[in-house]
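Take a look at the structure set out below.
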There are 2 protein chains.
Amino acid sequence: MKPDKISEAVVRRLPVYLRYLNELSSTDILTVSSQELGRKLDLNPAQIRKDLAYFGDFGRKGVGYNVIYLIEKIRQILQLDEPRHVALVGTGNLGRALCNYNMKENVKIVAVFDSDPSKIGTTMNRLIVQPMDELEQTVREKEISIGIITVPASEAQKVADRFVTAGIRGILNFAPTVLRTPDGVRIHHTDFTADLLSLAYYMDSDDET
Amino acid sequence: MKPDKISEAVVRRLPVYLRYLNELSSTDILTVSSQELGRKLDLNPAQIRKDLAYFGDFGRKGVGYNVIYLIEKIRQILQLDEPRHVALVGTGNLGRALCNYNMKENVKIVAVFDSDPSKIGTTMNRLIVQPMDELEQTVREKEISIGIITVPASEAQKVADRFVTAGIRGILNFAPTVLRTPDGVRIHHTDFTADLLSLAYYMDSDDET
DNA sequence: TAGATTGTTAATCGATTAACAATC
DNA sequence: TAGATTGTTAATCGATTAACAATC
C-alpha cells in the first residue's frame, strides 16, 4: 500500500501543504496549481508536483489540484483520517502550551503525565495529570500511538524508554538532548535552542546574499 | 573572516556539538574524539570532523579535540561570545514558556511585546509586556538583533514586517505559517505542528527498517 | 483549438560518507 | 615506535530543479 520509500523531507512538507489547503478550503477557491502553492509556501512548483506524485495522480493537467480532494488525500497519506491519540509527559510551561494548542487535524493529546507528586492530580486543559506508573496502562486503554516529551533534558531519555516499553512508536522530543531508541521507533526533535543559536551565526555579517 | 559559504545543515549542528561539549566540560574529560561525539550525538564522525574543519584546525591528530578550546571556538563561530539580545512578540502560553527557558549560552530575551491591551503592563519573567508601538525604539536602545514570534498564524506576517522595519535580521517563527521577508533577513521556522503530523505518517506501518 | 498545468525523466546541485595520508 | 585520530580528497548518495511530452 505505502509507496516505495519516501524521503523524510517529502513527508515533512505534506503538513505544510495541508495547512495552506485548509485555508483555501474556507474560501471559494476550488482548484490550486503547483505554481500558486509554490509561491505561497516558498517552494519550487516542480518539487510540489513531485512530492504529490509519489502518492498518486491527484492533479488534472491544465487545471491543477482540486482543493477538497487533495486535502482528503493528504489526510489519508498522513493517516489522519481517524483520530490519533497522543500522550504528553512533562507539565511545565511548554507542556501546558502544547496542551492548549489546537492541532485542528485529527490529533489529540488524551493523557498527560508528570513524575512530580505535586503536579499529579492537578488538571491541564481538562486532563488530569497522571503519575508515570499509569503510563503503560493508559497507552493501551486510550490507544495512544505518539508521545510528546517536554521534561528537562536530564529526564528525557528515561521518558523515551518508558514510551518505548509502553509500545509507543513515535516520539516528538522537545528536550534539548539527543535521544536513542531502538529501530522502529521514530523520533522527531524540535530543538529550538539549536534553531535560535544557529540564527546567531548569521547576524551582523552584512554580507548575505 | 567568515569562511566560504557554510551550509545551513552544518551551522545547525554547531549548537548540538556545543551542548554536549558543555556537558563534558563539567566532568573531568579534557579531550573528545569525533568518534565519541558521533556515538553520543548519533552522527557520522567524518561529518563532525568536516563540519569543524570548515572553521579551522581545532583538533590534534591522534588525540582529538580539547573540550574547553572547542567550546570557545564554537561560541566564537556562532557569535555568542558577546551577549545577544532577543525580542519576543506574543505573550501566550508558548511565549511564556520560552521566556522562562534558560538558554544558558549568551542569548537573552530582553523585551516582550503584545498587541493585546489587557496584556500590556503585566510582567513575564521579570519583563514588563510592552505595546507594539515601542518595538522600534526598544530594538534600538537594547541592541536587539533577533526576534521571536509566538503570535497566532494570522498575526505572524505583520509581526515579521514590524521586526524587519525595526532592523531585526533574524527571526525565529513559532507560528504555523510561512513568512516572507526581504533578502538579508533570516527566518528559522519551528513548526511543531508539522513535526507532529508528519510523525503520524510513520505510525502503524510495522514495515520500518 | 490554444493555453495551462500536470506527471515524469534527466540534469544539477549539494550533502554525507568512506578512505587514507599526515602526524600527534 | 605503535596506535589513534585528525583534516581532506574522492566516492557515493540523495534531494532539488529544469524541461517537456502528455493532456485537460
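Below, chains carry the letters A, B, ... as their sequence lines are ordered, and counting in each starts from 1. Below, all heavy atoms of this structure are taken into account, side chains as well, without hydrogens, waters or symmetry copies.
- Taking only side-chain nitrogens and oxygens, B:Tyr65 comes nearer than 4.0 Å to OP1 or OP2 of D:dG7.
- Put simply, CG on A:Asn44 is 11 Å from P on D:dA19, counting in whole angstrom units.
- Residue A:Asp57 contributes atom CG, which lies 15 Å from atom C1' of D:dA21 at whole-angstrom precision.
- Looking only at atom types and distance, the side chain of B:Asp51 has no donor-acceptor partner in the side chain of B:Gln47 under 3.5 Å away.
- Between the side chains of A:Ser115 and A:Glu155, no donor N or O sits under 3.5 Å from an acceptor N or O.
- Put simply, B:Ser7 has a side-chain N or O that comes within less than 4.0 Å of OP1 or OP2 on C:dA15.
- For the pair B:Glu36 and A:Gln47, both in contact range of DNA chain D, the more 5′-proximal nearest nucleotide belongs to B:Glu36.
- Listed pair A:Arg49 / C:dG7 fails the phosphate criterion, with no side-chain N or O lying under 4.0 Å from OP1 or OP2.
- Following rounding to the nearest Å, B:Asp42 (CG) and C:dT17 (P) show an atom-to-atom distance of 10 Å.
- Closest approach to the B:Lys50 side chain among C:dT6, D:dT9, C:dT8 is made by D:dT9 (side chain taken as heavy atoms from C-beta onward).
- Atom P of nucleotide C:dT6 and atom CD1 of A:Ile48 are separated by 9 Å, given to the nearest angstrom.
- When the nucleotides C:dT5, C:dT17, D:dG7 are ranked by their closest atom to the side chain of A:Lys61, C:dT5 comes out on top.
- In this structure the side chain of B:Arg39 reaches within 4.5 angstrom of the side chain of B:Glu36, judged on heavy atoms.
- The CZ atom of B:Arg12 sits 13 Å away from the P atom of C:dT16 (whole-angstrom rounding).
- Pairing for C:dC20 is with D:dG7, a Watson-Crick or G-U wobble pair whose two hydrogen-bonding atom distances lie under 3.5 Å.
- Between A:Ser34 and C:dT6 there is a side-chain N or O to OP1 or OP2 distance below 4.0 Å.
- Counting only heavy atoms from C-beta on, B:Ala46 has its side chain closest to C:dA19 among D:dT16, D:dC24, C:dA19.
- Evaluated for a side-chain hydrogen bond (donor to acceptor under 3.5 Å, both in side chains) with A:Ser145, the options A:His85, A:Arg169, A:Arg84 yield exactly one hit, A:Arg84.
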